[in-house]
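What follows is a single structure, written as structure tokens, with notes after it.
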Amino acid sequence: MLLTILGGCGAWPGAGQACSGYLVEHDGFRLLVDPGYATVPRLLERVTADQVDAVFVSHGHPDHCADLNPLLRARAFRDDPPAPLPVYSLPGALDAVLALDRPGILTDAHVLREFTAGDRIDIGPFHAQTRLLPHSVPNAGVRLTAGERVLAYTGDTGPSPEVVELARGADLFLAEATYADRVPEDLRRNLSSARQAGRQAKEADVRHLLLTHLQPGTDATAARAAAGAEYDGEIGIATSGLAIDLSCKPS
């Protein structure tokens, strides 16, 4: 299983960066997870639009799904459009982004496969186990298993025992860490810090922690240090272009 980070900013993309976007590959199958703002240009540096086999969206906030629109346009506005792209999401999560274009223009470019958080789904070679995690809108964390490797991804979430269960024993834990240490009081149920991600990585006994969704301006060194105060395993920061082979070390 190979993970390539397309973007790792939370809320909005910093200068020259992109929001949440992750390309996960196994046995030639390409799964795009969370096409947030500015991720499609980075995706298209690596593959063509028709080479994406499926999309999984954790929740409907635009920093996690806005670039689904240009991806579908890149597939639809061709002389030889590919087969409809399977797009997996919670019910209603993509209503806004799919309404950006005039009715019907992207209908043949995708097939929407809505699921309920808690469902288990087979997406190509990936076995996906979803779990409802606390956020301001319904959010599905996902545990992807393929080739005896496990990648767990939170989407956006407040701290919860459900996060630990999602990540239990994972080879790679891709964890939202909008803030380095302290989450503002009014957001504590819905978002997490790097320190909390480190604590949950320790509880879940994961092999590698990768912090993502850092809000632009967050000190990455401070975030890594805060996570490291709780978790003594390998810690990284999700930055555009980072590639991780789950059987090897980051490259």
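- Side-chain contact check for Gln51 and Thr48: at least one donor-acceptor pair (N or O, by modelled atom type) lies under 3.5 Å.
- Applying the ring-ring contact (aromatic ring centres under 6.0 Å, His included) definition to pairs two or more places apart or across chains, those involving residues 95-119 are Phe56-Phe115.
- Closest heavy-atom contact between Cys65 and Gly60: SG-O, 3.5 Å.
- Scanning both residues, Trp12 and Pro216, for their nearest heavy atoms gives O-CG, 3.1 Å.
- The CG atom of Asn139 lies 7.0 Å from the OG1 atom of Thr154; values are rounded to the nearest 0.5 Å.
- The OG1 atom of Thr178 lies 7.5 Å from the CG atom of Leu214; values are rounded to the nearest 0.5 Å.
- For the pair Leu32/Arg30, no side-chain contact is recorded, criterion being any heavy-atom separation below 4.5 Å from C-beta on.
- When all heavy atoms of Ala194 and Leu211 are compared, the closest pair comes out as CB-CD1, 3.8 Å.
- From Ser136, atom OG reaches atom CG of Asp156 across 8.0 Å, with rounding to the nearest 0.5 Å.
- Cluster membership for Val55 and Val24, using ILVMFWY side-chain heavy atoms within less than 4.5 angstrom, is not shared.
- Among residue pairs with one or both ends in residues 165-181, those qualifying as salt bridge (charged side-chain N to carboxylate O under 4.0 Å, His left out) are Arg149-Asp171, Glu165-Arg168, Asp171-Arg207, Asp181-Arg195; sequence neighbours excluded.
- Of the possible polar contacts, one joining the Arg188 side chain to the Val183 backbone as a donor-acceptor pair under 3.5 Å is found.
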Would you list the atom pairs, donor with acceptor, under 3.5 Å between side chains in residues 157-164 and any protein atom, with sequence neighbours excluded?
from, atom 1, to, atom 2, distance (Å)
Thr157, OG1, Pro134, O, 3.4
Ser160, OG, Glu162, N, 3.0
Glu162, OE1, Arg131, NH1, 2.7

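- The distance from atom CG of Leu2 to atom CG of Leu246, rounded to the nearest 0.5 Å, is 8.5 Å.
- When side chains are defined from C-beta on, Leu3 counts as touching Leu210, because their heavy atoms get closer than 4.5 Å.
- Side-chain heavy atoms closer than 4.5 Å link hydrophobic residues (I, L, V, M, F, W, Y) into clusters, and following such links, possibly through other members, connects Val97 to Leu85.
- Between Leu106 and Ala76 the shortest heavy-atom distance is CD2-CB, 3.9 Å.
- Residues Ala197 and Ala175 share a closest heavy-atom pair of CB-CB, 3.9 Å.
- Using a 4.5 Å heavy-atom cutoff, the side chains of Asp63 and Cys9 are not in contact.
- By the 6.0 Å contact criterion, CG on Asp80 is enclosed, its count of non-hydrogen atoms from other residues, nucleotides or ligands being greater than 12.
- In this structure a side-chain-to-backbone donor-acceptor pair under 3.5 Å is missing from Ser240 to Gln17.
- Identified under the ring-ring contact (aromatic ring centres under 6.0 Å, His included) test for residues 73-98, with sequence neighbours left out: none.
- Distance check, rounded to the nearest 0.5 Å: OG1 of Thr4 to CZ of Arg46 gives 6.0 Å.
- Linking Ile, Leu, Val, Met, Phe, Trp and Tyr whenever their side-chain heavy atoms come within less than 4.5 Å leaves Leu174 and Leu6 in two separate clusters.
- Leu31 places none of its side-chain heavy atoms less than 4.5 Å from the side chain of Pro125.
- Residue Asp50 places its CG atom among more than 12 non-hydrogen atoms of other residues, nucleotides or ligands, all under 6.0 Å distant.
- Counting heavy-atom neighbours within 6.0 Å of Arg189 CZ, excluding the residue itself, gives a total of 12 or less.
- A ring-ring contact (aromatic ring centres under 6.0 Å, His included) check over residues 130-187, counting only residues at least two apart or in different chains, returns the pairs Tyr22-Tyr153, His59-His135, His61-His135.
- The environment of Asp122 atom CG is dense: over 12 non-hydrogen atoms of other residues, nucleotides or ligands sit within 6.0 angstrom.
- Counting heavy atoms from C-beta on, the side chains of Leu94 and Ser89 come closer than 4.5 Å.
- A continuous path of hydrophobic side-chain contacts links Leu72 to Leu100 [ILVMFWY only; heavy atoms under 4.5 Å].
- In terms of heavy-atom proximity, Leu90 sits nearest to Thr116 at CD2-C, 4.2 Å.
- Judged as a ring-ring contact (aromatic ring centres under 6.0 Å, His included), the pairs with a partner in residues 212-248 (not counting sequence neighbours) are, in order, His64-His213.
- Using modelled atom types and a 3.5 Å distance limit, the side chains of Ser58 and Asp34 yield a donor-acceptor pair.
- One hydrophobic cluster, built from ILVMFWY side chains closer than 4.5 Å, cannot hold both Val33 and Val52; they sit in different ones.
- Remark: side-chain polar atoms of Ser193 are not paired, donor with acceptor, to backbone N or O of Ala177 under 3.5 angstrom.
- Leu144 contributes atom CG, which lies 6.5 Å from atom CZ of Phe126 (distance to the nearest 0.5 angstrom).
- Counting heavy atoms from C-beta outward, Arg113 and Ile123 have side chains that stay 4.5 Å or more apart.
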